[in-house]
Q: 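Structure below; questions to follow.
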Amino acid sequence: MSENLSMFDLSGRTALITGGSRGLGRSMAFGLARAGADVVIASRDQSSCDATAKEVSQATGRHALPIACHVGDWTAVDNLVERTYAEFGQLDILINNAGSSPIVEDVATVPEALFDKILAVNLKSVFRLTSIIGSRMAAGTGGSIVNIGSTVVEHPDLKAIPYAAAKAGVETLTAAFAQLFGPKVRVNCVRAGAFLTDISKSWPDEWFEQVAPTYALGRAGNPDEMVGTVLYLASSASSYTTGAVVVVNGGIP
C-alpha cells in the first residue's frame with residue numbers, strides 16, 4: 001500500500017456503527033471492515049444485526065460483532081458500550097448513524113411520546129454514546145467520532161420539524177465535543193442528503209420526478225457513496241479535521 005493510501009488503513013482498529021444493519025450504516029460497516037477495521041454492528045433487531053455481521057465477516061475476514069440495542073434507551077447504550085469494550089478491549093471509531101424521521105402531518109397533534117422518541121433516537125443517543133466513548137478515548141489513545149446529520153438542518157422539512165431540530169442539535173454536539181475531547185479525539189459530522197435506503201421506498205413519485213432533478217447531480221445518492229467520506233473522517237487521512245460539518249447531498253440548490 002502506498003504511503004498516501006496507508007492514511008486510510010484501519011487495520012488494528014475497532015469501529016462501532018449504530019444503525020449498522022441497514023441502509024447507510026450497513027454500507028459503512030462493510031466499508032470500514034474492508035479498510036481493515038473490526039466492527040460492532042448495532043441496531044434494534046438482533047436477527048438483522050446477526051445477518052449483517054455474518055455477511056461482513058465472510059466478505060472481509062474481519063471480526064464483526066452484532067449487538068441489538070435501542071440507542072434511545074440510556075441503559076441500553078451503557079450496555080452496548082460495556083459489551084464492546086469487553087469484547088475488543090478498545091474502541092477507536094464511533095459512527096453515530098442511527099436515526100428515525102417519522103412524518104408529522106399536523107404539528108399540533110404530535111404526541112409527546114413520539115416527540116420524545118424522535119429526540120431520543122436522533123439526539124440523546126449521540127450525546128450519551130459520545131460522552132461515554134469520547135471520555136474513554138480521550139483517557140486512552142484517542143479516536144475518531146463521526147456523527148451522521150442531515151440537510152434538514154439547512155433545508156427543514158415541514159413534515160419533520162422535530163427530526164430537523166434533533167439533527168441541528170447533533171451539529172451543536174459535534175462542535176462542543178470536538179472542543180471537549182481534543183486534541184486526542186476528533187469529532188466531525190456528515191450533513192447527509194437524500195439516499196436510496198429502505199426509507200426512500202416510501203417517498204412519493206413526485207420527489208423523484210420534481211425534486212431530485214433540481215440537485216446538481218440530478219439524483220439521490222446510493223448508500224455506498226457515503227463510505228468514502230466516513231472513511232476519510234474515521235481514518236488518519238483527516239488528522240487535522242475536527243468540529244467540521246461535511247456536506248454530502250448531491251448538490252442541493
Side-chain angles (χ1 to χ4, degrees), residues 1-43 45-69 71 80 83-85 87-99 129 133 137 141-149 185-193 195-198 200 217 220-239 241 244 246-250:
M1 181 179 293
S2 71
E3 183 177 349
N4 287 337
L5 290 179
S6 68
M7 293 189 298
F8 296 92
D9 184 17
L10 300 181
S11 298
R13 302 186 199 181
T14 301
L16 166 61
I17 306 106
T18 66
S21 65
R22 300 189 305 170
L24 293 178
R26 175 185 168 88
S27 289
M28 293 175 205
F30 273 94
L32 297 182
R34 289 190 176 109
D38 293 327
V39 296
V40 180
I41 296 170
S43 73
D45 183 68
Q46 184 66 55
S47 61
S48 181
C49 291
D50 290 341
T52 300
K54 182 178 180 180
E55 291 178 46
V56 169
S57 291
Q58 290 177 339
T60 67
R62 306 310 308 168
H63 181 12
L65 176 66
I67 302 179
C69 177
V71 294
L80 170 63
R83 285 190 60 189
T84 297
Y85 278 91
E87 179 76 17
F88 294 100
Q90 69 178 56
L91 189 59
D92 309 283
I93 301 161
L94 167 63
I95 311 295
N96 284 309
N97 167 70
L129 277 164
I133 293 172
M137 288 177 171
T141 58
S144 175
I145 298 173
V146 182
N147 300 321
I148 305 302
V185 181
R186 296 180 299 103
V187 186
N188 293 288
C189 181
V190 180
R191 190 186 288 174
F195 281 83
L196 299 174
T197 64
D198 292 344
S200 68
L217 295 183
N222 293 306
D224 287 347
E225 292 180 297
M226 177 63 76
V227 174
T229 302
V230 171
L231 179 57
Y232 164 72
L233 293 173
S235 69
S236 59
S238 59
S239 59
T241 303
V246 181
V247 179
V248 182
N249 66 10

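Atom set for the values below is all heavy atoms of this structure, side chains included, hydrogens, waters and symmetry mates excluded.
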Q: Atom CD1 of I93 and atom OG of S235: how far apart are they, to the nearest 0.5 Å?
A: 8.0 Å
Q: Name all pairs fulfilling the side chain to side chain donor-acceptor pair (under 3.5 Å) condition that reach into residues 31-43, sequence neighbours left out, sorted by first residue then second.
A: S21-S43, D38-R62
Q: Working to the nearest 0.5 Å, report the span between CG of L129 and CG of N96.
A: 5.5 Å
Q: I would like to know whether N188 and V246 meet side chain to side chain contact (heavy atoms under 4.5 Å, CB included); could you show each step before the answer?
A: CA-CA 8 Å; N188 293 288; V246 181; 5.7 Å; no
Q: Rounded to the nearest 0.5 Å, how far apart are CG of N97 and CG of L16?
A: 10.5 Å
Q: Would you say the side-chain atoms of N222 pair up with the backbone N or O of D224, donor to acceptor, closer than 3.5 Å?
A: no
Q: If you compare all heavy atoms of L91 against all heavy atoms of M137, which two are closest, and at what distance to 0.1 Å?
A: O-CE, 3.6 Å
Q: Which atom names give the shortest non-hydrogen contact between D92 and G12, and what distance separates them?
A: OD2-O, 4.1 Å
Q: How many angstroms lie between SG in C189 and CD1 in I145, if you round to the nearest 0.5 Å?
A: 12.5 Å
Q: Can you tell if the side chain of L65 reaches within under 4.5 Å of the side chain of T14, non-hydrogen atoms only?
A: no
Q: List for me each residue that meets side-chain hydrogen bond (donor to acceptor under 3.5 Å, both in side chains) alongside S47, sequence neighbours excluded, and say none if there are none.
A: D45
Q: Does T52 reach the main-chain N or O of C49 with its side chain, forming a donor-acceptor pair under 3.5 Å?
A: no
Q: Are side-chain heavy atoms of S27 and M226 found at a separation under 4.5 Å?
A: no
Q: Please check if the side chain of R83 supplies one atom and the backbone of I67 the other of a donor-acceptor pair under 3.5 Å.
A: no
Q: Is any side-chain heavy atom of I133 less than 4.5 Å from a side-chain heavy atom of Y85?
A: yes
Q: With a 4.5 Å heavy-atom cut-off, do S48 and R22 have their side chains touching?
A: yes
Q: Which atom names give the shortest non-hydrogen contact between G31 and V227, and what distance separates them?
A: CA-CG1, 3.7 Å
Q: Can you see which heavy atom on L32 is nearest to which on A234, and at what distance?
A: CD2-CB, 4.3 Å
Q: To the nearest 0.5 Å, how far apart are CG in L231 and CE in M7?
A: 10.5 Å
Q: What closest approach, in Å, do Q90 and R13 show between heavy atoms, and which atom pair accounts for it?
A: NE2-CA, 4.1 Å
Q: Rounded to the nearest 0.5 Å, what's the gap from CE on M28 to CD1 on I95? Could you check?
A: 7.0 Å
Q: If you compare all heavy atoms of P223 against all heavy atoms of L24, which two are closest, and at what distance to 0.1 Å?
A: CA-CD2, 3.7 Å
